[in-house]
Amino acid sequence: MATDVDKLKKQKDPIVGHKYDATTIKVLQGLEAVRRRPAMYIGDTGQRGLHHMVYEVVDNSVDEAMAGFCTQVVVEIGKDGSITVTDNGRGIPVELHPEQKRSALEVVMTTLHAGGKFDHESYKVSGGLHGVGVSVVNALSEWCWVEVCRDGEVYRQEYVKGTAKQKVKKIGKRKKSGTKTCFFPDADIFSKIEFKFDIIASRLRELAFLNQGLALVLKDHRSDKEVTFAYKGGLSSFIDYINENKTAVFRKPIHFKGTKDGVEVEIALQYNDGYSESVYSYVNNINTIEGGTHLTGFRTALTRSINNYSSKYNLVKKNGISLVGDDSKEGLAAVVSVRVRDPQFEGQTKTKLGNSEVRGIVEAITNDHLGSFLEENPSVGKKIVEKLVQAATAREAARKAKELTRRKTALDSAALPGKLADCSLTDPEECELYIVEGDSAGGSAKQGRDRRYQAILPLRGKILNVEKARIDKILSNNEVRALITALGCGVGNDFEAAKVRYHKIIIMTDADIDGAHIRTLILTFFFRYMRDLIDMGHIYIAQPPLFRVKHGKTEQYAYSDEEKDRIVKTMPSTGVSIQRYKGLGEMNPEQLWKTTMDPETRTLLKITLDDAAEADHLFSVLMGSEIEPRSRFIQENAQYVRNLDI
Ligand code: 0RA
């Protein structure tokens with residue numbers, strides 16, 4: 001296949017309409033590299049990468065806001081499926097770039113890592129997926145245009161697959177400054193071009209929390225949906241959102257900011273009466289899923305401040321209990337956001353902050369603020385200590401419960417649960433575990449499976465709602481215990497994802513409300529207690545068919561209403577029978593194998609978590625104890641719930 005450079009060489013009059021010189025070649029080589037290996041720049045060419053294109057453009061406007069020059073960013077999904085991002089910042093500079101002899105705008109849009117004076121270089125991240133630059137978006141777009149309002153003029157330039165169609169043109173006058181970027185991703189690069197409102201919305205919401213006062217608007221012209229995210233409270237609002245469905249231990253989140261050696265630190269936290277922790281950390285607006293030095297600094301200081309406070313006022317000894325680091329996690333909702341000039345990212349997914357100096361800075365700022373906060377707000381201090389003493393007491397009870405279960409049935413793989421029909425192979429890589437709703441479907445699955453590599457664990461009825469119970473109670477639930485034992489990777493402090501006995505863990509429930517509920521319960525359990533299994537891509541959802549369409553001897557299965565209609569249309573109108581499956585139990589073992597379990601023909605949905613804070617909120621609303629927000633949420637977000645529930 002001819003590259004753009006090759007094509008250009010063959011043409012007397014280059015497509016860009018510019019002089020064909022060294023700069024042009026370099027630019028085209030850069031863009032060509034991006035188009036040849038898009039995944040290196042935006043992660044992948046599926047849904048994730050597609051949406052990353054939007055984030056990349058939005059991030060540039062948010063950077064302008066961070067610099068103090070922009071208050072609003074509007075993202076529009078066009079009827080044609082394009083994306084337009086408009087901000088009211090200073091506008092990308094358009095003057096001639098001294099070395100490149102081209103407009104700065106053109107340099108920013110067409111050269112990789114243009115950087116420097118005309119880009120927001122300061123907080124940019126090298127090597128990561130963020131901050132690769134808007135030129136990458138341009139290179140991966142079928143078409144793109146930018147309009148810049150500066151000094152009373154409107155400038156415009158258009159591009160095709162990353163190359164400028166002509167020089168920057170003046171096209172009109174306008175007093176207010178700003179930048180508008182519109183692009184349509186290239187169908188040669190992306191597998192499917194369909195932007196999802198909910199995915200973009202949750203990133204904009206997150207950015208609005210992280211950038212106090214900045215308004216981010218999302219308009220969908222396909223459906224006329226529109227939302228504005230703007231939070232006066234910033235991280236405090238983020239905490240309110242996380243704790244929306246929970247009962248806070250004290251009313252207002254603790255919220256503080258500080259700067260040291262050029263590192264800006266902002267933290268908000270609050271305790272709720274739940275048992276799990278929801279802690280999110282960010283570096284330059286990027287979610288550091290694997291944590292890092294900023295989070296370590298925060299945790300150390302949190303435990304230290306509370307311990308100092310409780311020992312100074314003798315709040316713990318009275319109860320004959322001592323607090324350890326883990327106790328300060330129970331019911332903790334916290335967001336730690338730092339801005340670092342030259343962040344180093346480490347870890348498997350390059351989302352772990354490595355800069356060692358940040359640890360001490362966050363620790364010092366947290367000690368300082370939390371120390372004086374507790375002194376000045378003794379009633380809050382007392383409530384926190386009470387909460388943590390409860391946690392310590394439960395920790396002791398859990399230890400006893402775990403010991404008990406270990407003695408009775410052993411939570412390790414030595415004694416597998418009686419209901420488990422294990423597979424004969426033992427290499428986890430090859431093995432699958434089907435978690436099946438109900439004994440009867442479990443029976444069909446056992447008969448229908450390939451017993452060499454497929455194991456079946458039937459769960460009877462609903463498993464315990466882990467959002468409402470502490471670990472000791474969860475561990476005494478038979479269904480949960482059978483699951484933990486079958487998986488073989490332990491739980492809580494003993495959890496080790498690497499020990500899991502199956503690399504595909506497939507949840508197979510009925511296609512009805514109960515099935516959806518059970519599926520969510522199981523997913524919640526994985527999310528709260530075996531999160532790594534989700535992150536490592538081990539958790540799947542089986543897709544049983546909804547219909548069987550039969551005509552004479554031919555029978556076909558449909559997985560959606562539309563598919564059923566399509567199949568029916570291909571058949572003569574007489575003698576067609578349609579069976580709607582209400583449960584897995586209505587299929588015989590052979591049908592279950594053919595439609596849902598045979599790797600050759602089945603469809604599995606892999607559970608991924610791009611936005612843990614959003615998932616956390618969703619799980620807590622769906623499974624938490626407050627009924628009112630749950631029903632309101634389900635009404636308002638039926639679409640999104642379906643997405644998550646899949
Ligand atoms: C650097 C300098 C200046 C503006 C920007 C970057 C800028 C970039 C983007 C990208 C999207 N929106 C943006 N808004 C502004 C201007 C420097 C000056 O005017 O003195």
Side-chain angles (χ1 to χ4, degrees), residues 41-42 51-76 82-100 102-126 128-141 144-159 162 164 168 170-171 173-184 200 203-204 207-208 210-211 213-219 229-230 284-286 339 341:
Y41 297 86
I42 49 151
H51 287 80
H52 207 95
M53 300 268 279
V54 185
Y55 306 159
E56 195 57 51
V57 179
V58 170
D59 281 354
N60 286 305
S61 299
V62 172
D63 285 347
E64 182 70 354
M66 268 162 55
F69 299 100
C70 166
T71 57
Q72 195 191 56
V73 182
V74 180
V75 179
E76 291 168 87
S82 65
I83 293 286
T84 309
V85 178
T86 312
D87 70 46
N88 62 351
R90 291 166 295 176
I92 301 177
V94 290
E95 64 264 24
L96 226 53
H97 192 284
E99 288 124 55
Q100 301 238 9
R102 299 181 295 151
S103 160
L105 171 62
E106 183 174 329
V107 175
V108 167
M109 290 306 294
T110 60
T111 41
L112 267 186
H113 301 295
K117 207 169 126 209
F118 306 112
D119 226 342
H120 296 102
E121 200 40 3
S122 51
Y123 286 113
K124 282 286 152 71
V125 181
S126 50
L129 294 182
H130 288 264
V132 289
V134 69
S135 63
V136 167
V137 176
N138 192 15
L140 301 177
S141 292
C144 173
W145 54 259
V146 180
E147 284 178 12
V148 170
C149 306
R150 265 176 87 86
D151 320 316
E153 312 273 2
V154 184
Y155 303 86
R156 180 181 167 101
Q157 190 168 41
E158 293 168 11
Y159 316 85
V168 175
K170 270 189 200 172
I171 59 160
K173 303 240 176 241
R174 194 168 178 272
K175 279 215 181 71
K176 289 187 179 137
S177 67
T179 304
K180 182 186 283 241
T181 309
C182 182
F183 67 94
F184 192 89
I200 299 175
R203 174 61 181 158
L204 298 188
L207 284 169
L210 293 168
N211 297 275
L214 173 64
L216 295 123
V217 182
L218 177 59
K219 293 182 188 172
F229 300 108
N284 305 345
N285 290 333
I286 300 164
R339 308 216 195 266
R341 220 148 271 277

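Atoms within each ligand, like the ligands themselves, are counted from 1 in listed order. Since the structure is predicted, the reported quantities are computational estimates derived from the model, not experimental observations.
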Output yes when a side-chain donor or acceptor of Glu56 lies under 3.5 Å from a complementary backbone atom of Gly133, and no otherwise. yes
Taking Met66's backbone N and O only, do any of them form a donor-acceptor pair with Asn211's side chain (distance below 3.5 Å, no angle check)? no
For [X], the ligand 1 atoms whose distance to one of its heavy atoms is below 4.0 Å:
X      : value
Pro93  : 2 (C), 3 (C), 4 (C), 5 (C), 16 (C)
Arg150 : 16 (C), 18 (C), 19 (O)
Thr179 : 12 (N), 13 (C), 14 (N)

At under 4.0 Å between heavy atoms, which part of Thr181 makes contact with ligand 1: side chain, backbone, both or neither? neither
For the pair Tyr159 and Gln157, evaluate side chain to side chain donor-acceptor pair (under 3.5 Å) and give the outcome as yes or no after the intermediate values. CA-CA 7 Å; Tyr159 316 85; Gln157 190 168 41; 2.8 Å; yes
State, with a plain yes or no, whether a side-chain heavy atom of Arg339 is found less than 4.5 Å away from one of Asn285. yes
Ligand 1 N/O within reach of Asn60 N/O, cut-off under 3.5 Å: no
About how many Å separate CG of Asn138 and CD of Glu106, when rounded to the nearest 0.5 Å? 10.0 Å
